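Below: the structure, in C-alpha cells.
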Amino acid sequence: MVPAEVPDEAAEPDGLEDRLRRFATIWSRAIFPATATSLTRPEFEQHLLPLARRLRDALHDKIFDATPAHGVGAALVAVHCTDPETLARSLGVVDAYLVLYCGASADPGEELAAEELRARCARLQHALAAGFALALRERTLTEQEAIARSALAARGVAEDALHATEARFRAVFEGAAIGIGIADLDGHVLEVNNTLTQMLGGLEHHVRSRNVGEWVHPDDGPQVWRMHGELIRGERESFRTEKPFFRNDGTVLWTNLTVSLLRDVDGVPQYQLALLEDTTERRLLNLRLRYEATHDALTGLPNRTLFFERLEKALTPARETAKEPAGETAKEPAKEDAKATPQAARFGLCYLDLDGFKAINDSLGHSAGDRMLVEVADRLQSCATAPGEMVARLGGDEFVALTTGPDSVREVNDLASRILGALATPISLDGREFTVRGSIGIVEGKAGECTAAEVLRSADITMYRAKSAGGNRFEHADPEADARAITRHGLTTALPAALERGEFFIEYQPLVHLADGKVHGAEALVRWSHPTHGVLSPDRFIPLAEHTGLIVPLGRWVLEQSVRQARAWQEELAAGTFAGPVRINVNLSPAQLHHPGLVADTVEVLERVGLAPGSLCLEVTESALIGADEDLLKPLRQLAEMGVDIALDDFGTGYSNLANLRRLPVSVLKLDRSFTQGMQQHPADAVDIKIVEGIVSLAHSLELAVTVEGVETGTQADHLRRLGCDTAQGWYYARPGPPEMLHTLSLADAV
C-alpha cells in the first residue's frame with residue numbers, strides 16, 4: 001500500500017542527505033499508526049533513518065546485494081512493528097519513493113539506468129518482506145511454542161488446577177495466529193485449532209480424522225520426511241522446513257512448518273506438535289517481484305537478466321561433463337554406456353536489431369516506437385514456440401532468440417527465417433503502414449565451449465556484419481571476423497591514449513622530378529607503433545580515427561611534425577649540409593576538410609614554425625571533393641590563395657569528372673597507380689599510355705602539375721617521363737623511411 005501522503009514538489013529537497021531524510025519522514029508517517037512502539041513519531045523517524053540509509057546504499061552498491069534489506073525487515077519487527085499492515089505500507093513506500101528520493105548517486109559517473117534501479121528496488125522489496133516475515137515468524141513461533149508446551153505440560157498438574165490450566169491452554173490454542181496441530185507418534189491428528197482448520201480449507205473433523213502421512217506433496221524436499229522419521233524416533237527434538245499442502249479444494253497451501261517432539265515427565269517421546277505459518281501470499285508476492293525483475297515492462301518478454309540465466313543454463317551441462325576425468329573405460333566405453341551417454345547439448349542464438357528504428361522514433365515519436373516494439377515482440381514470440389526456444393528483449397530495439405537441441409544448426413536457421421518472415425508483414429501505426437526490417441547475427445555451437453558473455457558478443461558482432469551488408473538478412477558467426485572486429489575495437493579504444501603516449505611517428509617518401517631525377521619533395525606518411533600489433537600502416541587506423549573524431553587532433557599533429565621537418569631541411573639546405581627536398585606533402589582526410597578550424601590551424605602552424613606556405617602541399621582525395629559545394633571548397637580556396645598547394649590525390653579512382661577540375665582550387669594532380677601498372681611490362685599497355693597521355697595533356701592545359709604514384713620500375717619511369725609527367729614517387733626511388741634516409745638520396749643527386 002502506498003501512503004496517502006504525496007510529497008510537495010515545490011519543496012523538493014536538493015541534497016542527497018535531505019532526500020534521504022524526506023524518504024524516512026514519508027516512511028515513518030506511513031507505518032507509525034500501525035506500530036505498537038512506545039516511541040514518539042519523531043523518535044520513530046530517527047530510528048528509521050539508518051534503515052533508510054541501508055536501503056539507499058544497497059540500491060547503489062557496485063555489486064548489488066539485497067541482504068541489507070533483509071536486515072531492515074527484521075529491524076522493523078524488533079521495534080514492535082509486527083502488524084501485517086506495517087509490511088504492506090513499507091513495501092508501498094519503498095516501491096513508490098526509494099528510487100524517486102534515493103535514485104541519484106553521489107558519483108555522477110556511476111549513475112545507474114532507470115530500468116536497473118527499478119529492478120534493484122523490486123529485489124530490495126523482496127528481501128525486506130522476507131526479512132520481516134522471518135523475524136515475525138521466529139518471534140511468533142518462539143512465543144507460541146513456549147505457550148503450547150506450557151499448556152500441554154499443564155495437563156499433568158493436580159486436579160484442582162486442571163480447569164484453569166485447560167482454560168489457559170484453550171485460549172492460547174484457539175487464539176493463536178498460526179495453525180497448531182497435535183498428533184501422536186503414529187501420526188494420528190489429535191487436536192487442531194481453528195486457524196489450522198481454515199488454512200487447510202475444511203471442517204475440523206475432516207482434519208482431525210487424517211494421518212500426517214497423508215499430507216505428502218510432490219514438491220516436498222527429500223529431507224522433509226527423513227527429518228520427520230528422526231523426530232518420531234527421538235533422534236531430534238524439532239525441525240523446520242518450507243512445505244506445501246493440498247487443501248480440500250485442490251489448491252496448494254505453502255507454509256513454514258515447525259514440528260517439535262513432546263516428551264512425558266520421564267523423557268519418553270509422546271506427541272508431535274506442528275506449528276504452521278501460511279506463506280502462500282508472501283510466496284505469490286515473491287513470484288510477482290521475481291517476474292517484474294526478470295521481464296521487460298514494455299513487451300512482457302524476458303529481459304536481459306532472465307535471458308542470461310537461461311543461456312548460462314544451456315551452456316553449463318557440457319562444461320561440467322568436460323571436467324570429468326577420463327579413465328581407461330572412457331577411452332573404450334562399453335556399448336551399454338555408449339547408449340546411455342546423452343548427446344552433447346547444442347544451442348543456437350539469434351541476435352536481432354531492427355533496421356532504421358531510430359527514424360520511427362524521430363518521425364512519429366517514442367509512443368509510436370513503443371507500440372511498434374510491442375508488435376515486434378508479439379511476432380517474435382509467435383516464432384519461438386517449440387520446446388527449448390525463448391525470445392527476450394535486451395533493450396531498445398535489440399532482441400534475442402535462443403533455441404536448444406541436437407539439431408540446432410537447422411533449428412536456428414529456421415528460427416531466423418521465421419523471424420524475418422514475421423517481420424515482413426507491414427505494421428500499422430497512426431494510420432500508416434511501416435515495413436520492419438531486421439539484421440540478425442547467428443551463433444551456433446556445442447554447449448560449454450564458450451561463456452554466455454562470449455556468445456552474446458559474437459552474436460552482436462555478427463549482427464552488425466549483417467547490418468553493414470544491407471540489413472534484412474542473417475549472418476553466421478565467423479571466428480576470424482569476430483577477431484578482426486575485436487581488434488578494430490581495441491585499436492579504436494587505444495587511439496586517444498596512443499596519441500598522448502607518442503606512439504605515432506612519420507615516415508617520408510621522396511617525390512622525384514622525372515626530368516632530372518632530383519628529389520623535389522617528400523610525402524609525410526603517419527605510422528602507429530602499437531605495443532602489441534607492431535607498426536601499423538594508415539589504412540589500419542585512419543578510418544578508425546575518422547569514425548571517432550580523433551582524426552582532427554591526429555591530423556594536426558602530423559601537420560605540425562611534417563612542417564617542422566620541412567623547416568629543418570630548409571635550414572640544412574641553407575647551411576649547405578642538405579641538397580633537398582624543401583617541400584612537404586601532407587594528407588588531409590575528408591573529416592578534416594569539414595573541420596571549421598582547418599585554415600586557422602594550418603596558418604598557426606606555418607607561422608609558429610616559420611615555413612613559407614609555398615613549401616606545403618595538402619593532398620585531398622578525389623572522392624572527398626566529388627560533388628563538393630562552395631562551403632567545402634572555401635577553406636581550400638583560402639589556403640590556395642595563401643600559396644599552399646592543393647593536390648588532388650588518387651585521381652582516376654572516383655568519377656574522374658575532368659570538367660569539374662576548373663572549379664577546384666588544386667594545382668597538382670596525383671595520378672593513381674592503377675593507370676600506370678600496364679607500363680611496368682614490355683611492351684607497355686597501349687591503352688594505359690593513351691589514357692595517361694590524355695590526362696597529362698588536359699592537366700597541363702589547366703596549368704596543373706602531374707604526380708604519379710606507385711612507380712616500381714625504370715621502364716615505367718621512362719614511359720612517364722616521355723609522356724610529360726612532372727614528378728613521381730614509388731619503390732623504384734625509395735620506400736617510405738625516416739627523414740635521415742632523404743639525406744642519402746639528396747647527396748646522391750648532388751653528386
Side-chain angles (χ1 to χ4, degrees), residues 95 99 112-123 125-126 287-314 348-404 412 415-430 432-442 452 455-456 459-460 463 466-467 471-472 474:
D95 184 66
V99 174
L112 296 173
E115 181 177 307
E116 175 65 13
L117 288 173
R118 293 305 309 172
R120 288 188 172 192
C121 182
R123 293 177 65 185
Q125 295 175 61
H126 178 188
L287 292 175
R288 181 176 67 84
L289 294 175
R290 162 72 177 171
Y291 181 87
E292 292 178 354
T294 57
H295 286 75
D296 178 52
L298 176 65
T299 64
L301 292 178
N303 62 11
R304 180 183 292 268
T305 300
L306 183 55
F307 170 73
F308 262 93
E309 290 179 4
R310 286 287 304 275
L311 183 58
E312 287 282 4
K313 184 177 179 181
L349 184 143
C350 296
Y351 193 115
L352 167 69
D353 184 86
L354 301 183
D355 298 333
F357 178 72
K358 184 177 182 299
I360 300 294
N361 272 341
D362 292 344
S363 59
L364 298 182
H366 288 276
S367 177
D370 287 348
R371 296 201 303 274
M372 173 173 282
L373 290 176
V374 171
E375 176 64 25
V376 168
D378 291 342
R379 296 186 182 187
L380 295 182
Q381 203 158 23
S382 68
C383 295
T385 56
E389 294 182 345
M390 75 169 294
V391 174
R393 182 190 178 202
L394 297 185
D397 59 338
E398 295 181 340
F399 299 84
V400 285
L402 177 67
T403 182
T404 57
V412 74
L415 180 57
S417 298
R418 291 198 303 270
I419 290 174
L420 293 179
L423 295 179
T425 303
I427 295 176
S428 179
L429 292 175
D430 298 333
R432 300 168 60 187
E433 288 193 343
F434 295 88
T435 299
V436 181
R437 293 161 50 91
S439 299
I440 299 177
I442 294 178
V455 169
L456 202 63
D460 190 16
M463 178 272 294
K467 190 178 288 288
N472 198 35
F474 60 82

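These numbers were taken from a predicted model, which means no experiment stands behind them.
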Of all heavy-atom pairs between [X] and [Y], which one has the smallest distance, and what is that distance?
{"X": "Thr425", "Y": "Arg379", "value": "O-NH1, 2.5 Å"}
{"X": "Phe307", "Y": "Ala392", "value": "CB-CB, 3.8 Å"}
{"X": "Asn303", "Y": "Ala293", "value": "ND2-O, 3.0 Å"}
{"X": "Cys350", "Y": "Ile440", "value": "CB-CG2, 3.7 Å"}
{"X": "Gly300", "Y": "Tyr291", "value": "O-OH, 3.7 Å"}
{"X": "Ala377", "Y": "Thr299", "value": "CB-CB, 3.6 Å"}

Exercise for review: Take Asp95 and Arg118 through the test side chain to side chain contact (heavy atoms under 4.5 Å, CB included) and record every step on the way to the result.
Suggested key: CA-CA 8 Å; Asp95 184 66; Arg118 293 305 309 172; 3.1 Å; yes
Check your understanding: Are Ile360 and Val436 close enough, and set up right, to give a side chain to side chain contact (heavy atoms under 4.5 Å, CB included), and what steps lead you there?
Key -> CA-CA 10 Å; Ile360 300 294; Val436 181; over 6 Å; no
How long is the straight-line distance from [atom2] of [Y] back to [atom1] of [X], given to the nearest 0.5 Å?
{"X": "Phe399", "Y": "Asp353", "atom1": "CZ", "atom2": "CG", "result": "9.5 Å"}
{"X": "Leu415", "Y": "Ile419", "atom1": "CG", "atom2": "CD1", "result": "4.0 Å"}
{"X": "Leu394", "Y": "Tyr351", "atom1": "CG", "atom2": "OH", "result": "5.0 Å"}
{"X": "Arg290", "Y": "Leu306", "atom1": "CZ", "atom2": "CG", "result": "6.0 Å"}
{"X": "Arg418", "Y": "Leu423", "atom1": "CZ", "atom2": "CG", "result": "12.5 Å"}
{"X": "Thr404", "Y": "Leu349", "atom1": "OG1", "atom2": "CG", "result": "11.5 Å"}

**Study point:** Ion pair check, Arg304 and Glu115, cut-off under 4.0 Å
**Key:**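 Salt bridge flag = no for Glu115 with Arg304.
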Review point. Can we say Glu375 and Arg371 salt-bridge, meaning some charged N sits less than 4.0 Å from an Asp/Glu carboxylate O?
Key: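 Looking at Glu375 and Arg371, the cut-off is not met.
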Review point. Pick one: which of Thr385, Leu402, Leu352, Leu301 meets side chain to side chain contact (heavy atoms under 4.5 Å, CB included) with Val391?
Key: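 With Val391 as partner, Thr385, Leu402, Leu352, Leu301 yield a single side chain to side chain contact (heavy atoms under 4.5 Å, CB included), made by Leu301.
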Exercise for review: Could you tell me whether the side chain of Pro302 reaches within less than 4.5 Å of the side chain of Met390, counting heavy atoms only?
Suggested key: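 Result yes, sub-4.5 Å side-chain heavy-atom pair found.
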Exercise for review: State, yes or no, whether a side-chain contact exists between Leu456 and Val400 at a heavy-atom distance under 4.5 Å.
Suggested key: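 Leu456 vs Val400: side chains touch.
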**Study point:** Short side-chain donor-acceptor distance under 3.5 Å, Ser439 and Asp355
**Key:**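 Judged by distance alone, the side chains do pair up.
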Practice item. Check the pair Glu116, Arg120 against salt bridge (charged side-chain N to carboxylate O under 4.0 Å, His left out), reporting the backbone distance first and the verdict last. Key: CA-CA 6 Å; Glu116 175 65 13; Arg120 288 188 172 192; 3.0 Å; yes
Practice item. Let me know which of Asp370, Asp378, Asp296 forms a salt bridge (Lys or Arg N to Asp or Glu O under 4.0 Å) with Arg393. Key: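 The option that passes is Asp296.
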Practice item. Output all residues satisfying ring-ring contact (aromatic ring centres under 6.0 Å, His included) with Phe474, sequence neighbours left out; order by chain, then residue number. Key: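 Result, ring-ring contact (aromatic ring centres under 6.0 Å, His included) vs Phe474: His476.
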